[in-house]
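As structure tokens, the structure follows; a few thoughts come after it.
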Amino acid sequence: MSERFDPSLADGRWQRVWDERQCFRADDASAKPRSYVLEMFPYPSGRIHIGHVRNYTMGDVLARFRRMQGYEVLHPMGWDAFGMPAENAAMEKNVHPGGWTRANIATMKAQLKRLGFALDWSREFATCDPEYYGQEQALFLDLYAAGLVYRKESAVNWDPVDQTVLANEQVIDGRGWRSGALVEKRKLSQWFLKITDFAEELLEGLQSLDTWPEKVRLMQENWIGKSQGMQFRFAGSNFDGGIEVYTTRPDTIFGASFVAVAAEHPLAQGLASNAAHAFIEECRRGGTTAAELETAEKLGFDTGLKVAHPLLPGTELPVYIANFVLMDYGTGAIMAVPGHDQRDFDFARKYHLPIIRVVAASTEDADRPFGDEAEAGDGVLVHSDFITGMRVAEAKAAVIARAEAEDWGQGQTVWRLRDWGVSRQRYWGTPIPFIHCAACGVVPVPKAQLPVTLPEDVDFSSPGNPLLRHPTWKHVSCPDCGGPATRETDTLDTFVDSSWYFLRFASQPADKPFDPAEIARWLPVAQYIGGIEHAILHLLYARFWTRALKRIGKIDIAEPFASLFTQGMVTHETYARTDPSNGQPIYFSPAEVARSGDGATLIADGEAVEIGRVIKMSKSKKNVVDPDEIVAKYGADAVRWFMLSDSPPERDLPWSEAGIEGCARFVQRLWRLCGQYDAAAQGENPALDRKRDQTVAAIAADIEALSFNKAVARIYELTAAVEKAPASASRSAAIRALLLVTAPMMPHLAEELWAQIGNSGLIAEAAWPAVDPALLVEDEVTVAVQVKGKLRDTLTVAKGTPSATLEALALASDKVQRALDGAAVKKVIVVPDRLVNLVA
RNA sequence: GCGGACGUGGCGGAAUGGUAGACGCAGGGGACUUAAAAUCCCUUGAGCUUAGCUCGUGCGGGUUCGAGUCCCGCCGUCCGUACCA
């Protein structure tokens, strides 16, 4: 056995062995219990990031652990391969998006392989494979047939220079992020998925996801945004027609003092006066950034129109156009109750409108004046005719009942969630499988003609969608009438691609998207791991897609991810100097800096650099480390070990050179320890046996809970205990156990040592060590002795020592007597096996 | 503004209401070595009148025999969100 473990030789050797023996191939026919462990698949941007390493290491530990526990594990990997960066690269570097993507996949796959992840590569696919996106087109057609896909005119952000549609995130201060051109609003006919049909069940389904982070569930809940209230009609009293408004507080209807409509509301748009037009224009110019909204003043315009209050005959309310009313929520018009809504309150103060109290703490408080704020809380209705004296909830129901009985309004649920627009005017995505025919309209591509593949010969030299200007691709004959027709040139949002990839991993027949029986065997995903940035869109879309497929009878599960875990980021110190010419920081990469103690110097000139905050790794701050470089320098296991150590997995992990060196040292420490392994050693060490089984059991619990940092600490403890113990059969057994529990985390080292100590099989295929339940219970315990709650002594006694004995032992202690200082003991609290507290 | 999470040594962090600081990093001292690396041993919350004692988990209260943990009120940091009627 050589003196040091050499990962540069061992890592590759074991990776090849695992590959050759197909150790991590999931067997569809297995009779074992199954476990599907999945990490969010990467976008092939070029190289893997340290964040991927952390994400995939966590999943890998869980997958390997489950395998050792006797599960048939599905742990696949693939590529979220469509998207804008490939097109941007095509435009900038004059390469084909497909070629660029494939090259990136090859690079990143090799990088992942060097980390030794226990992945079933036989199921690998990229979403840009026609075999995948063709099946996606088939599913899209199925959803269309079921009425869950439709087309409508919708406004988009149009960049007139790049000739492209921009996502909201790509519009910065009203200009295209790439071209800098002023963005226009354009109406385009776009494809939508009816996610709003599922709003209620997507919301209710969150209840069942009790192992999802509370934070994610809350974010989704807010995004879906259910609100219950009443929609009703104010009849115009000096104009024809009326105004439909929506409110969540029908109970406060007697406190309404005006009605407000959005600037885009048809009623506002229909006004003839120049002043009205000027005001509407002013509203449109108003900024929409968060900062602007926060300071935005409530502005209004009195239209001169009046409406009749439905419950107060003879009472008329003025109609304002207000800048705080949104056209795309509710009906775009509100009843304003200044006393009990802060916005209405601000507005009423400004325009000297009545502020009427209709909710108070009690009926005696009915005429208490308002302070500086509206009172939106619960209470008792006052000054409110037939609902006076009711509590808010009761009054809401009473007003709705009255409105429905008299037919001027009804209870109404309003959602914030909007239907999912999936059209993208881009090349590098899944072609939407429809054909436009002048005679037949919009016609689905017959399934037999799928996949509708992307043309290879595309031109990125001018802006706009290459599919639109391709000379031949879009020209086809109509599947219905055979006449000349054109293909849809929009492609699908890439979130569609990631909404069902987890199903395709579990089952990938050639002739259909998946086999329902195979899906039933593997799904739902037992543990899904990824970044918090996908808390809403990806996770909501995947949940929707799964439910939609269930509704149309394709699968039998409603929720795709039984358990979700969102891991923290990998962070790093920043190193910078201030540029004297402009006061801006100049950043240096960790490789350019020598770190020592609490300072750092630039290697190039030996002068000090400032150590900045520990923040997310980013290219602009240069605080990045490259996974390849650190794997080459320290070996895959040290890197994996670092990813699991110290920080709890949901929190940020600060990368440090000292930290990874500590991990590399531990790799060698285990290596040396196993060098002392003696298969023939005799003799027992009961204390070590106990420590071994307790540690094994605790680590299993820690991995189950994804508390990898705690599992790592326990491995350190067991290692120290084994190092101190003299040779014995117990010590040899402890070394074997140590290797087995370390194997999911440092598989190459464990594999190498497993073979060294004389095992013929692979540790990757070994079983998790069994523990003796009797050994998990301590036979000797340390009992704390307190005087008035302060620790004064400890006792080491047999477990189960009677309380009376403990009390006597405590009183016999010199330290206790000194602390009591002659005072009489008034009360004694004994917690068996834990503590004695003497109260003087 | 609203919602959420978090706040413990020099740092990352442990701790079913029961011995605060496990484990790692960094620091200090020593051993081995011609020397270095590697390794091993000891030590490391603060203070004090140092066989010991006092203080100590963001701040102020409270509940309890006992609070990092539970309750009330603040402060700070981070994340999400935004005029949603």
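Chain naming here is simple, since letters A, B, ... match the order of the sequence lines and numbering starts at 1 in each.
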Respond yes when some side-chain nitrogen or oxygen of [X] is under 4.0 Å from OP1 or OP2 of [N], and no when none is.
| X | N | result |
| --- | --- | --- |
| A/Arg343 | B/C84 | yes |
| A/Lys788 | B/U64 | no |
| A/Arg416 | B/A82 | yes |

Taking [M] as the reference, what is the distance to [N] when you measure between their [atom1] atoms (whole Å, please)?
| N | M | atom1 | value |
| --- | --- | --- | --- |
| B/G1 | B/C83 | C1' | 10 Å |
| B/C74 | B/G10 | C1' | 29 Å |
| B/A5 | B/G56 | C1' | 25 Å |
| B/C84 | B/C71 | C1' | 34 Å |
| B/C25 | B/U44 | C1' | 13 Å |
| B/G45 | B/G27 | C1' | 14 Å |
| B/G17 | B/G68 | C1' | 11 Å |
| B/C53 | B/C6 | C1' | 35 Å |

To the nearest angstrom, how far is [X] atom [atom1] from [N] atom [atom2]?
| X | N | atom1 | atom2 | result |
| --- | --- | --- | --- | --- |
| A/Lys815 | B/A51 | NZ | C1' | 11 Å |
| A/Lys826 | B/G66 | NZ | P | 12 Å |
| A/Asn222 | B/U81 | CG | C1' | 8 Å |
| A/Ile532 | B/C79 | CD1 | P | 13 Å |
| A/Leu218 | B/C2 | CG | P | 15 Å |
| A/Phe258 | B/A85 | CZ | P | 16 Å |
| A/Lys724 | B/C41 | NZ | P | 7 Å |
| A/Glu373 | B/C2 | CD | C1' | 13 Å |

When all nucleic acid strands are considered with a 4.0 Å heavy-atom cut-off, which category describes [X]: base, sugar-phosphate, or nothing?
| X | value |
| --- | --- |
| A/Gly662 | sugar-phosphate |
| A/Val325 | base |
| A/Tyr716 | sugar-phosphate |
| A/Arg792 | sugar-phosphate |

Considering only distance and modelled atom types, tabulate donor-acceptor pairs under 3.5 Å from the side chains of residues 639-659 of chain A, sequence neighbours left out.
from: A/Arg640; atom 1: NE; to: A/Met745; atom 2: O; distance (Å): 2.9
from: A/Arg640; atom 1: NH1; to: A/Asp60; atom 2: OD2; distance (Å): 3.0
from: A/Arg640; atom 1: NH1; to: A/Leu115; atom 2: O; distance (Å): 3.0
from: A/Arg640; atom 1: NH1; to: A/Gly116; atom 2: O; distance (Å): 3.4
from: A/Arg640; atom 1: NH2; to: A/Asp60; atom 2: OD2; distance (Å): 2.7
from: A/Arg640; atom 1: NH2; to: A/Pro744; atom 2: O; distance (Å): 3.0
from: A/Trp641; atom 1: NE1; to: A/Tyr716; atom 2: OH; distance (Å): 3.1
from: A/Ser645; atom 1: OG; to: A/Trp641; atom 2: O; distance (Å): 2.6
from: A/Ser647; atom 1: OG; to: A/Asp652; atom 2: O; distance (Å): 3.2
from: A/Asp652; atom 1: OD1; to: A/Met569; atom 2: N; distance (Å): 3.0
from: A/Ser656; atom 1: OG; to: A/Gly659; atom 2: N; distance (Å): 2.9
from: A/Glu657; atom 1: OE2; to: A/Lys633; atom 2: NZ; distance (Å): 3.3
from: A/Glu657; atom 1: OE2; to: A/Tyr634; atom 2: OH; distance (Å): 2.9

Lys NZ or Arg CZ of A/Arg4 over A/Trp671 ring: under 6.0 Å, within 45°: no
Can you tell me the Watson-Crick or wobble partner of [N], both distances under 3.5 angstrom?
| N | result |
| --- | --- |
| B/U39 | B/A31 |
| B/G9 | none |
| B/U63 | none |
| B/A15 | none |
| B/G3 | B/C79 |

side-chain contact (heavy atoms from CB on, under 4.5 Å) partners of A/Gln342, counting only residues at least two apart: A/Phe345, A/Asp346, A/Glu373, A/Ala374
Donor + acceptor pair across side chains of A/Gln694, A/Glu778 (<3.5 Å): yes
Any donor-acceptor N or O pair under 3.5 Å, side chains A/Asn623, A/Thr574: no
Parallel, tilted or perpendicular: rings of A/Tyr329 and A/Tyr246 (30°, 60°): perpendicular
Within the 6.0 Å centroid threshold, strictly below: A/Phe347 and A/Phe258: yes
Near-ring test A/Tyr541/A/His534, centroid separation under 6.0 angstrom: no
Base versus backbone protein contacts along nucleotides 13-19 of chain B [heavy-atom cut-off under 4.0 Å; B, S, -]: SSSB-BB
Test applied, side chain to side chain contact (heavy atoms under 4.5 Å, CB included); reference residue, A/Phe232; option that passes from A/Ile253, A/Val399, A/Ile243: A/Ile253
For A/Met219, the option from A/Ile224, A/Leu539, A/Ile536 that meets side chain to side chain contact (heavy atoms under 4.5 Å, CB included): A/Ile536
Closest to the A/Tyr329 side chain, choosing from B/C84, B/C23, B/C25: B/C84
Glycosidic conformation of B/G9, taking syn as within 90° of 0 and anti otherwise: syn
A/Lys827 vs A/Glu661, nearer the 5' end of RNA chain B by closest nucleotide: A/Glu661
Pairwise 5' ranking along RNA chain B for A/Met219 and A/Lys790, keeping only the more 5' one: A/Lys790
